[in-house]
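Every heavy atom of this structure was used, including side-chain atoms; hydrogens, water molecules and symmetry mates were not.
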Amino acid sequence: MEMNGTTVIARPADVVWDYVIDTAHDADWRTGVDESGLQSVEPVGPGTLGYALAGNQRAEWRVISYEPGVRVDWEFTSGPILGRGGYFLVPVDGGTQFTLVADIKPTSWLKYLGPVFTWIGRRQNQNDVEKLRDILESMPKKGTGS
């Protein structure tokens with residue numbers, strides 16, 4: 001089930017990248033994420049292991065491809081959903097197009113929600129990237145004091 005979300009953020013790609021690659025920020029912009037982090041030593045790259053906690057649910061993931069400033073892809077290795085996800089950044093006039101990629105398969109009772117799960121997931125991911133945009137655009141620009 002593809003559940004991508006895309007927006008344009010009025011910030012350079014390196015600023016967007018630095019924010020989203022720091023998993024400590026996930027709880028600020030990802031719906032339902034209470035905590036997230038790395039389970040392996042930095043720097044982030046292929047093979048890096050991480051986790052996210054949402055309530056009492058824990059999802060673990062592994063980075064499968066990594067191109068700094070451009071994209072990171074991971075696969076879920078355990079948790080209530082399986083599949084792959086990632087972030088994809090493209091510089092555009094006035095900022096960065098940011099896409100949250102999610103191609104997942106729900107497990108346990110979630111699989112019985114079918115199309116409703118997909119609709120909710122797409123809407124949630126779109127809301128998340130828009131929240132990310134709002135956070136980053138409200139931060140002062142580096143070197144300008146504004």
Side-chain angles (χ1 to χ4, degrees), residues 1-92 95-142:
M1 300 178 186
E2 282 195 26
M3 297 184 284
N4 304 340
T6 299
T7 193
V8 173
I9 302 171
R11 292 292 185 262
D14 64 324
V15 171
V16 177
W17 179 261
D18 289 347
Y19 189 86
V20 298
I21 204 65
D22 182 349
T23 58
H25 294 296
D26 287 358
D28 296 334
W29 67 279
R30 299 293 309 268
T31 301
V33 174
D34 299 314
E35 177 186 333
S36 60
L38 300 177
Q39 294 176 280
S40 54
V41 180
E42 292 189 60
V44 175
T48 297
L49 302 173
Y51 72 94
L53 295 175
N56 64 356
Q57 297 290 315
R58 181 181 176 100
E60 296 182 348
W61 47 265
R62 175 179 46 245
V63 173
I64 54 177
S65 67
Y66 183 81
E67 189 176 344
V70 178
R71 75 178 302 139
V72 60
D73 298 288
W74 62 81
E75 63 183 352
F76 295 102
T77 58
S78 69
I81 55 175
L82 298 176
R84 294 178 178 221
Y87 305 142
F88 186 61
L89 289 73
V90 177
V92 296
T96 305
Q97 179 178 304
F98 177 80
T99 301
L100 165 61
V101 177
D103 187 9
I104 63 171
K105 178 180 180 182
T107 61
S108 69
W109 63 272
L110 293 173
K111 66 184 172 186
Y112 298 110
L113 295 178
V116 172
F117 181 83
T118 303
W119 182 82
I120 291 169
R122 284 183 182 143
R123 184 176 175 103
Q124 176 180 312
N125 285 340
Q126 186 60 42
N127 288 341
D128 287 353
V129 298
E130 291 172 9
K131 184 174 182 181
L132 173 66
R133 179 194 62 216
D134 293 345
I135 289 169
L136 290 174
E137 289 181 356
S138 70
M139 292 178 161
K141 293 181 181 179
K142 291 182 181 180

Is it possible for you to check whether Arg58 lies under 6.0 Å from the centre of the six-membered ring of Tyr51, through NZ or CZ, and within 45° of that ring's axis?
-> yes

Is Arg84 salt-bridged to Asp103, going by a charged N under 4.0 Å from an acidic O?
-> no

Should Arg11 and Arg133 count as side-chain neighbours, where that means a heavy-atom distance under 4.5 Å?
-> no

How far does CG of Leu136 sit from CG of Asp28, to the nearest 0.5 angstrom?
-> 10.0 Å

Trace of the side-chain contact (heavy atoms from CB on, under 4.5 Å) decision for Val20 with Trp29 = CA-CA 9 Å; Val20 298; Trp29 67 279; 4.1 Å; yes

Tightest non-hydrogen contact, residues Ile64 and Pro46, listed as O-CB, 4.4 Å

Among Gln124, Glu130, Arg123, which residue meets the side chain to side chain donor-acceptor pair (under 3.5 Å) test with Gln126?
-> Glu130

So do Ile9 and Glu137 actually touch side chain to side chain, heavy atoms under 4.5 Å?
-> yes

Of all the heavy-atom pairs spanning Ser36 and Asp26, show the shortest one and how long it is.
-> OG-CB, 3.1 Å

So Leu100 and Arg30, side-chain contact (heavy atoms from CB on, under 4.5 Å) or not? Walk me through it.
-> CA-CA 10 Å; Leu100 165 61; Arg30 299 293 309 268; 3.8 Å; yes

Look at the rings of Trp74 and Tyr87 and say which category their plane angle falls in: under 30° parallel, 30 to 60° tilted, over 60° perpendicular.
-> perpendicular

Atom CG of Leu38 and atom CD1 of Ile21: how far apart are they, to the nearest 0.5 Å?
-> 8.5 Å

Given Trp17, which of Phe98, Phe88, Tyr66 fulfils the ring-ring contact (aromatic ring centres under 6.0 Å, His included) condition?
-> Tyr66

About how many Å separate CG of Asp128 and OG1 of Thr31, when rounded to the nearest 0.5 Å?
-> 3.5 Å

Could you tell me the separation between the CG atom of Leu49 and the CD atom of Gln39, rounded to the nearest 0.5 Å?
-> 6.0 Å

Between Asp34 (side chain) and Gly55 (backbone), is there a donor-acceptor pair under 3.5 Å?
-> yes

Closest approach of Asp73 and Ser65, non-hydrogen atoms and distance?
-> OD2-OG, 2.6 Å

Just wondering, do Tyr19 and Leu132 contact through their side chains at under 4.5 Å, heavy atoms?
-> yes

